[in-house]
Amino acid sequence: MPRPTHKAGKGISRRIELVASQKEVPGRKLKKAGKDIPTTSGTKSQIMMRLEKMVEESDIMHGAIRSVDIDEGVFGIAHSEIIAKEDMQQLFEHEELGIAVIHTYIWYMYDTLMRGTELCNRFNFIAASRINTTFITKNPTSVKNELVDRFMAAGDNTTPSLYFLPFNSGNGGHWVLVAMDLSRLMVYYLDSLSGDWSKYPSMKKTIDTAILKFRSKKNYRNRKDITWVRVQCPQQNNSIDCGFFVLRFMRDIIALNRIDIPKMPS
């Protein structure tokens, strides 16, 4: 894993199209990364086989669980994640990733790449268990307030930074990554199935409303509309790798220490 640098590079140019009252940019591109963004298909790595053997010999494969205590620096509030046999098998059997795996890897990235560095002021995470299609459908106002509280917990947000939201379409569905820059009213959308936010209109509306409410609470002037950017990112070639891609997108952006979503290395 590359270590993060501590200088933010320049962003790449983008084309802006005015749609209704909001600007939406369909063209910011991440180059295909080839082998740089692998899926989990094919032969298992030695480290994966060793991990699988270790877990098989532990009591977790016989009904025991593990609790990962995640401090408030990661998601804005203290959080405990329960890891069970089913979660480990998602990795070993190359299954779709659930929230427990997503959250645990985010905690790992925070602990190994960010903790104690300036990166904590540049990158923030939003818990996928609190913001997803299922909850938005049931109570959009509550979800909007959850987002506003998360934004408020991270400081003044007057300098460029990103909030990562791994967003699930609901009931174990498709994962996409939404990255929000509140200071510049930019929202990046990364989908390894080449979709855009029109698939999830309630999600987009909730995020837009939360950003505007946050800025109103902080008495920030809105000098422009919220800009949504569809990032042309590497694509999965099956129906189960979306969670792996979302984790890798976050990891690479943090490791490169870029607020403007960069082109991926080829």
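Values below: every heavy atom of this structure, side chains too, minus hydrogens, waters and symmetry copies.
The hydrophobic cluster containing Phe92 does not contain Ile240, counting ILVMFWY residues as joined when their side-chain heavy atoms lie under 4.5 angstrom apart, directly or transitively. One hydrophobic cluster, built from ILVMFWY side chains closer than 4.5 Å, holds both Ile131 and Met152. Phe135 and Ile77 end up in different hydrophobic clusters when Ile, Leu, Val, Met, Phe, Trp and Tyr side chains are linked at under 4.5 Å. Ile83 and Phe75 fall within the same hydrophobic cluster, where Ile, Leu, Val, Met, Phe, Trp and Tyr residues are linked whenever their side-chain heavy atoms come under 4.5 Å apart, directly or through other members. If you chain together hydrophobic residues whose side chains sit under 4.5 Å apart, Ile82 and Ile106 never meet in one group.
Across Pro166 and Leu177, no two heavy atoms sit closer than the pair N-CD1, 4.2 Å. Here the closest non-hydrogen pair linking Ser129 and Ile99 is CA-CD1, 3.8 Å. Considering every non-hydrogen atom in both Ile259 and Leu162, the closest pair reads O-CD1, 3.6 Å. In plain terms, the two heavy atoms of Arg230 and Asp196 that are nearest each other are CD-CB, 3.5 Å. The two atoms that bring Ala210 and Val148 nearest to each other are O-CG2, 3.5 Å, heavy atoms only. Heavy-atom minimum distance, Gly73 versus Tyr110: O-CE1, 3.5 Å.
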Inset, instruction - Let me see the working for Thr209 and Leu147 under side-chain contact (heavy atoms from CB on, under 4.5 Å), right down to the final yes or no. - result: CA-CA 10 Å; Thr209 304; Leu147 277 171; over 6 Å; no
Legend entry - side-chain contact (heavy atoms from CB on, under 4.5 Å) assessment of Val231 paired with Phe249: CA-CA 11 Å; Val231 179; Phe249 293 155; over 6 Å; no
Inset, instruction - Take Met114 and Arg122 through the side-chain contact (heavy atoms from CB on, under 4.5 Å) test and state the conclusion after the steps. - result: CA-CA 9 Å; Met114 298 171 55; Arg122 294 174 63 79; over 6 Å; no
Legend entry - Working for side-chain contact (heavy atoms from CB on, under 4.5 Å), residues Tyr200 and Tyr189: CA-CA 11 Å; Tyr200 314 111; Tyr189 182 92; 3.3 Å; yes
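Taking the side chain as every heavy atom from C-beta outward, Thr104 and Arg66 never approach each other to under 4.5 Å. The shortest distance between side-chain heavy atoms of Ile126 and Phe151 falls below 4.5 Å. Taking the side chain as every heavy atom from C-beta outward, Leu97 and Leu91 approach each other to under 4.5 Å. The shortest distance between side-chain heavy atoms of Phe123 and Leu113 does not fall below 4.5 Å. The side-chain heavy atoms of Arg150 and Leu165, taken from C-beta on, include no pair separated by under 4.5 Å. The closest side-chain heavy-atom distance from Val68 to His103 is not below 4.5 Å. Within the 4.5 Å cutoff, no side-chain heavy atoms of Val176 are placed close to those of Trp197. Side-chain atoms of Ser183 and Asp181, non-hydrogen and from C-beta on, do get closer than 4.5 Å to each other.
At least one donor-acceptor pair under 3.5 Å links the side chain of Gln90 to the backbone N or O of Gly98. Remark: the backbone N or O of Trp107 is not paired with any side-chain donor or acceptor of Asp111 at under 3.5 angstrom. A donor-acceptor pair under 3.5 Å is absent between the side-chain atoms of Ser192 and the main chain of Gln236, judged by distance alone. Listed for the Arg215 side chain is a donor-acceptor partner under 3.5 Å among the backbone atoms of Leu182. Thr137 places a side-chain N or O within 3.5 Å of a backbone atom of Thr133 that can act as its donor or acceptor partner. Remark: the backbone N or O of Lys205 is not paired with any side-chain donor or acceptor of Asp208 at under 3.5 angstrom. Under the 3.5 Å distance criterion, the side-chain polar atoms of Gln235 are matched with a main-chain donor or acceptor of Asp191.
The CE atom of Met250 sits 6.0 Å away from atom CD1 of Ile102, with the distance rounded to the nearest 0.5 Å. To the nearest 0.5 Å, atom SG of residue Cys233 and atom CG of residue Asp252 are 11.5 Å apart. Distance check: Met180 CE to Trp228 CH2 gives 7.5 Å after rounding to the nearest 0.5 Å. For the atom pair CG (Leu190) and OG (Ser194), the distance works out to 11.5 Å, reported to the nearest 0.5 Å. Note that CG of Leu256 is 9.0 Å distant from CZ of Arg251, once rounded to the nearest 0.5 Å. Note: Tyr220 OH to Phe214 CZ = 5.0 Å, rounded to the nearest 0.5 Å.
Using a 4.0 Å cut-off between charged nitrogen and carboxylate oxygen, Arg130 and Asp149 do not count as a salt-bridge pair. Arg184 and Asp260 are joined by a salt bridge, as a carboxylate oxygen and a charged side-chain nitrogen come within less than 4.0 angstrom of each other.
Taking the six-membered ring for Trp and thresholds of 30 and 60 degrees, Tyr108 and Tyr105 have ring planes inclined between 30 and 60 degrees apart.
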